[in-house]
Amino acid sequence: MLDLKYIISNLDVVKEKTKNRNYDFDFDLLISENNKRKNIINEVEKLKADRNAISKQVGILKREGKDTTELQEQVKRDASKMQELDEALSKCDENIRNMLLNLPNEIDDTTPVGKDENDNVEVRKWGEPRKFDFEPRNHWDIGADLGIIDFERGVKIAESRFNVLAGLGARLDRAISSLMLDMHREKGYIEMSVPYLVNTKAMIGTGQLPKFAEEAYICERDNLYLISTAEIPVTNLYADEILDSKDLPIYNTSLTACFRREAGSYGKDTKGLIRNHQFNKVELVKICSAETSIEEHEKLTHDAEMVLQALNLPYRVMALSSGDIGFSSAKTYDLEVWLPGQNCYREISSCSNYKDYQARRANIRYRDKDGKVKFAHTLNGSGLAVGRTLVAVLENYQNADGSVTIPEVLRPYLGGLDIIKKG
RNA sequence: GGAGAGAUGGCCGAGUAUGGUCGAAGGCGCUCGCCUGCUAAGCGAGUAUACUGGGAAACCGGUAUCGAGGGUUCGAAUCCCUCUCUCUCCGCCA
């Protein structure tokens, strides 16, 4: 949520930046609603001030044993007017809040302006894609042949876009998760184990609602949502809190399953593990002050990159353009890993600086050194998507005979195992 | 699932029976100043948030907020109703 006062006093900039997202927003309606609101406040608060003053008088007179009937009658006359105005005011407040909840974050000045993902800008590249002396295969062929990914049975017990990892597939998934969590813990992140179901308030806090209700699985009976990312529970841990500046920055990491309906992506990546309804992800979440968030964002991205480097997986870092960046984000770097089976780079992590956008929604604040209460900045990034990392390992480490070499750093997590072979 | 107790500022905690002088005692914490070889202690002062009006600003006024929402009343932290959450006991259970 952007600050309404900021929007009004920087209207041209905000309009321009919203337009750069290809996002339509009725700023005129917002402003007229706000003017209406101020007028009502003026009127109703005068009435209330009168009422309070008279009520005070009544109290004093009653104690002296004097008659107050006339004063009481006087207040009664304005009661219905006050109620009317109060109702109009709450309606106004609600309208404004809804509008603000549906206005995306202001893009950072360094976010490249562009139409869509084709305008994303490559920031850096790491590693050389391996040269194969055979035709590299897709991970779903490799996985099925090795018997470590079972696509059919996942569909049988749930529906399409669900899969089952079996044997070394499941163990490899766990090894990858553990490696990531250990690496992040060593960098100072606190590991968190959090609920996979959250309430509406949390979903609004991080920006999934009201705009993206279609993406979420709902447990209607209990009015809870399955999380689409650990960002939701971990960021909202601090909702409605005033943190001490001594406790900032907060570094958290969390492994959770993530649930996404993938509405509107029918036909996209239907094969394999790339786009599933449920996948594991290790998330990095930071809460920090406004002064440090740009630097913390760079560091967070770096921390996610280190996992790819440890696994020796080639990748590139993309700065998302204004047309591709997420609704709540001011600036986002995507990490894209090289997938030889598909001969392209694919997103494996998304690292975003939300600045105070989520903090305003979730009411996450801190007291700075002067004792002033300020909105915090929130950041998060995948470090990394576990399923997609599994994909990258299978495709990058595949051998001509269909086996897959285990990357060195994962071997301690697999009892020293160095290769997955058929049978 | 059954029975009971509770929710007050950054934190703890009084106030609720008897509605008005309660934005709310006291303590802790924090900030500033004093004092003391240093630290600790001590002394003094200050210390909620949001919205809104005026002002260049310092600041001054108004409104709202004692879990949330409604109601009674001239007036609600205090009385009534609904909901949410927390705790204790019982039952069930990984």
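Within every chain, numbering begins at 1; the chains are lettered A, B, ... in the order of the sequence lines, protein sequences first and strands thereafter.
- Heavy-atom contacts from other residues, nucleotides or ligands closer than 6.0 Å to CD of E64(A) number more than 12.
- A straight line from CG of N52(A) to P of U52(B) spans 19 Å, rounded to a whole angstrom.
- Using a 4.0 Å heavy-atom distance criterion, I242(A) is classed as a sugar-phosphate-only contact.
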Between T253(A) and E191(A), is the side-chain hydrogen bond (donor to acceptor under 3.5 Å, both in side chains) condition met? List the steps.
CA-CA 5 Å; T253(A) 183; E191(A) 185 174 342; over 6 Å; no

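- Separating the P atom of A77(B) from that of G69(B) is a span of 13 Å, rounded to the nearest Å.
- Across the strands present, G75(B) finds no partner; the criterion is a Watson-Crick or G-U wobble pair with both atom distances under 3.5 angstrom.
- Judged by Watson-Crick or G-U wobble contacts below 3.5 Å, the nucleotide U84(B) has A7(B) as its partner.
- The side chain of N42(A) places no N or O atom within less than 4.0 Å of a non-bridging phosphate oxygen (OP1 or OP2) of U63(B).
- Of the side-chain N and O atoms in R37(A), one or more sit less than 4.0 angstrom from OP1 or OP2 of U52(B).
- In this structure, G19(B) forms no base pair with any nucleotide, since neither Watson-Crick nor G-U wobble geometry is met with both distances under 3.5 Å.
- In this structure, I41(A) reaches the sugar-phosphate backbone alone: every heavy-atom distance under 4.0 Å involves primed, P, OP1 or OP2 atoms, never a base.
- For G27(B) and C35(B), the C1' atoms lie 24 Å apart once the distance is rounded to whole Å.
- Taking atom CG of residue D240(A) and atom P of nucleotide G67(B), one finds them 15 Å apart after rounding to whole Å.
- At whole-Å resolution of the value, CG in L89(A) and P in U63(B) are 15 Å apart.
- A close approach under 4.0 Å does occur between a side-chain nitrogen or oxygen of R51(A) and OP1 or OP2 of A64(B).
- The interatomic distance linking E87(A) (CD) with G69(B) (P) rounds to 15 Å, in whole Å.
- Taking atom CG of L243(A) as the reference point, atom C1' of C30(B) lies 16 Å away to the nearest angstrom.
- Along RNA chain B, the nucleotide closest to K48(A) and the one closest to R63(A) are compared, and the more 5′ of them pairs with R63(A).
- In a base pair of the Watson-Crick type (N1 to N3 plus N6-O4 or O6-N4) or a G-U wobble (N1-O2 and O6-N3), with each distance short of 3.5 Å, G1(B) is matched with C90(B).
- Pair check for C59(B) finds G54(B); Watson-Crick or G-U wobble, both atom distances under 3.5 Å.
- The nearest whole Å value for the distance from the NZ atom in K372(A) to the C1' atom in G10(B) is 17 Å.
- Residue-level contact check: K62(A) touches the bases, meaning some heavy atom is under 4.0 Å from a base atom.
- For U18(B) and U78(B), the P atoms lie 15 Å apart once the distance is rounded to whole Å.
- The NZ-P distance, from K246(A) to C11(B), rounds to 15 Å in whole Å.
- Looking at which nucleotide of RNA chain B each of K46(A) and D3(A) is closest to, the 5′-most match is held by D3(A).
- Using a 4.5 Å cut-off on side-chain heavy atoms (C-beta onward), I157(A) and F162(A) make no contact.
- Counting only distance, with no hydrogens or angles, the side chain of N105(A) and the backbone of Y354(A) share a donor-acceptor pair below 3.5 Å.
- Residues F27(A) and L11(A) form a side-chain contact, since some pair of their non-hydrogen atoms from C-beta on lies under 4.5 Å apart.
- Look at A24(B): it lacks any Watson-Crick or wobble partner with both distances under 3.5 angstrom.
- A salt bridge is defined here as a Lys NZ or Arg NE, NH1 or NH2 lying under 4.0 Å from an Asp or Glu carboxylate O, and R275(A) with E262(A) meets this definition.
- At a threshold of 4.0 angstrom between heavy atoms, the contacts of E43(A) with the nucleic acid are absent.
- Between Y251(A) and I287(A), the closest side-chain pair of non-hydrogen atoms is not below 4.5 Å.
- Spacing between C92(B) and A3(B) at atom C1', rounded to whole Å, works out to 16 Å.
- C83(B) sits 28 Å from C93(B) when the C1' atoms are compared, rounded to a whole Å.
- Only the C1' atoms considered, C43(B) is 32 Å distant from C60(B), to the nearest whole Å.
- Using cut-offs of 30° and 60° for the angle between ring planes, the H184(A) and Y189(A) rings count as perpendicular.
- Base pairing analysis places U47(B) opposite G29(B); the two distances defining the Watson-Crick or G-U wobble pair are each below 3.5 Å.
- In a base pair of the Watson-Crick type (N1 to N3 plus N6-O4 or O6-N4) or a G-U wobble (N1-O2 and O6-N3), with each distance short of 3.5 Å, U39(B) is matched with no nucleotide.
- Nucleotides U16(B) and G20(B) have their C1' atoms positioned 15 Å apart, rounded to a whole Å.
- Between Q74(A) atom CD and C74(B) atom C1' the separation is 10 Å, expressed in whole Å.
- Look at the C1' atom in both A24(B) and C12(B): the space between them is 15 Å, to the nearest Å.
- Listed pair Q57(A) / U21(B) fails the phosphate criterion, with no side-chain N or O lying under 4.0 Å from OP1 or OP2.
- Contact check, K76(A) against C74(B): a side-chain N or O comes under 4.0 Å of OP1 or OP2.
- For K5(A) and U52(B), the shortest distance from a side-chain N or O to OP1 or OP2 is below 4.0 Å.
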